[in-house]
Number of protein chains: 2
Amino acid sequence: MLSKKAKYSLNALSFLGKRYGDGPVLITEIAEEENIPRKFLEAILLELKKNGVLGSKMGKGGGYYLLKNPEDVNLADVIRIFDGAIGLLPCVTHKYFEPCEECHDIETCGIRFVLKEVRDITVNALKDRTLADIIAEEKKRTRRKKRS
Amino acid sequence: MLSKKAKYSLNALSFLGKRYGDGPVLITEIAEEENIPRKFLEAILLELKKNGVLGSKMGKGGGYYLLKNPEDVNLADVIRIFDGAIGLLPCVTHKYFEPCEECHDIETCGIRFVLKEVRDITVNALKDRTLADIIAEEKKRTRRKKRS
DNA sequence: AAATATTCTATTAGTTCTGTAGAATTTAAG
DNA sequence: CTTAAATTCTACAGAACTAATAGAATATTT
């Protein structure tokens, strides 16, 4: 399961994705529109900035904005910022690698091998999907709903 | 990431899978062999029994044993027992379904649709893999290592 | 009856998660 | 150069969850 931070970050990024190229957007506006606690959102946006996803402008007329095109922001990268590794065990990740204490031999561990396959499948699925997909899907469904 | 309970359960089940058909195995033996805290393992095995994965026998000569063939125990079912839903959001699961509080409209939510796709991919990968795969992989790697 | 195991009930220390409060800093505009 | 409007930084706190332990109760075999 995603943490609230990771989930809220997807909400905020989708919102900023729709505004891509329009200049800074206020934290308050994002918070109100996406139903995210204002102060909590502050920390989230700051973290996204530190990780090179968002840019910001301080002072009057300031706010946050997406740095990259929505189709260049994949979900694996975003989720990892807040929730860390996507794999189910530390020993099947690259960045957060750590051997299990209880493991006899990491080289022959069957659990590790099988869960590594699962990790690769999931990570690839998340890497293949971007903010642009989320935005496009929402637009498609909204249109379809309005027509009926 | 898997909880310790889920991880330990895979260790214990792999161990019991190798003993499938040999009758009850002592908690203590599993705990020692798999480096799992004895008392903690008790709770895990009991949970696996309540979920129809293991059988047990009390008293002298008792212990735990796998009820089904290792190739009929898939990883999705095991993981769900301890860690609940595999999907990244409550709104993309069946059993643990719950709408997000912050969501405007669950029917048009793009995040939901995209993460539902990812969920299905991951769940299918876990359903396709069983205790038999873990055991076979471990044997293969142990043989290969011994030869060299 | 004794020995051996599982089963049940409670508890606890530590960590993480979600969220809040308030002060400090930066920027734009008048 | 002052004021208003923003982000940024530091600190904290309650709630929930995790990992693990302790001990008594129950069941089974010999």
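Since the structure is predicted, the reported quantities are computational estimates derived from the model, not experimental observations. To find a chain, count down the sequence lines: A is the first, B the second, and so on, and within it residues start at 1.
- In terms of the ring pair (Phe, Tyr, Trp, His ring centres under 6.0 Å) criterion, residue partners of B/Phe40 (sequence neighbours excluded) are, by chain and number, B/Tyr8.
- Put simply, A/Arg38 has no side-chain N or O that comes within less than 4.0 Å of OP1 or OP2 on C/dA21.
- Distance B/Tyr65 OH to C/dT6 C1': 12 Å, rounded to the nearest Å.
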CA sep, side-chain torsions, deciding dist, call: A/Thr93, A/Arg119, side chain to side chain donor-acceptor pair (under 3.5 Å): CA-CA 8 Å; A/Thr93 69; A/Arg119 183 212 93 108; over 6 Å; no
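- Remark: side-chain polar atoms of A/Asp83 are paired, donor with acceptor, to backbone N or O of A/Ser3 under 3.5 angstrom.
- Taking CG of A/Asn11 as the reference point, atom CD of A/Glu34 lies at 5.0 Å (rounded to 0.5 Å).
- B/Leu67 and B/Tyr20 make their closest contact through O-OH, 3.9 Å (heavy atoms, listed as atom of the first residue, atom of the second, distance).
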Verdict with reasoning, A/Glu138 to B/His104, per side chain to side chain contact (heavy atoms under 4.5 Å, CB included): CA-CA 11 Å; A/Glu138 190 194 311; B/His104 285 126; over 6 Å; no
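- Here A/Ile27 lies in heavy-atom contact (under 4.0 Å) with sugar-phosphate atoms only.
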Listing time: all N or O pairs from protein to nucleotides 10-17 of chain D that are below 3.5 Å?
none

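- Look at CE on A/Met1: it is 12 Å from P on D/dT18, rounded to the nearest Å.
- For the pair B/Lys39 NZ and D/dT18 C1', the interatomic distance rounds to 18 Å; values are reported in whole Å.
- One interatomic measurement links the two molecules: CG of B/Leu54 to C1' of C/dT6, which rounds to 13 Å at whole-angstrom precision.
- Checked by atom type and distance alone, the side chain of A/Arg19 never pairs as donor or acceptor with a backbone atom of A/Phe15 at under 3.5 Å.
- Side-chain nitrogen and oxygen atoms of B/Lys57 include at least one within less than 4.0 Å of the OP1 or OP2 phosphate oxygen of D/dT29.
- Nucleic acid contact class of B/Lys49 (heavy atoms, under 4.0 Å, all strands): sugar-phosphate only.
- Regarding B/Asn35, its CG atom lies at a distance of 17 Å from the P atom of D/dA19, rounded to whole Å.
- Nucleic acid contact class of A/Lys4 (heavy atoms, under 4.0 Å, all strands): sugar-phosphate only.
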Just the table, please: protein N/O against nucleotides 1-4 of chain C N/O, every pair under 3.5 Å.
from, atom 1, to, atom 2, distance (Å)
C/dT4, O2, B/Lys60, N, 3.4

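- Side-chain N/O atoms of B/Tyr8 include one lying less than 4.0 angstrom from OP1 or OP2 on D/dA20.
- Which of C/dT20, D/dT21, C/dT18 sits closest to the side chain of A/Lys5 comes down to C/dT18.
- Counting to the nearest Å, the P atom of D/dA5 and the CD atom of A/Glu42 are 17 Å from each other.
- Side-chain contact check for B/Asn69 and B/Asp72: no donor-acceptor pair (N or O, by modelled atom type) lies under 3.5 Å.
- To the nearest angstrom, P of C/dT20 lies 12 Å from CG of A/Leu41.
- Rounding to whole angstrom units, CZ of residue B/Phe40 and C1' of C/dT6 are separated by 18 Å.
- Salt-bridge check for A/Glu137 with A/Lys140: passed, with a basic side-chain N closer than 4.0 Å to an acidic carboxylate O.
- Atom OG of A/Ser9 and atom CG of A/Leu54 lie 9.5 Å apart (nearest 0.5 Å).
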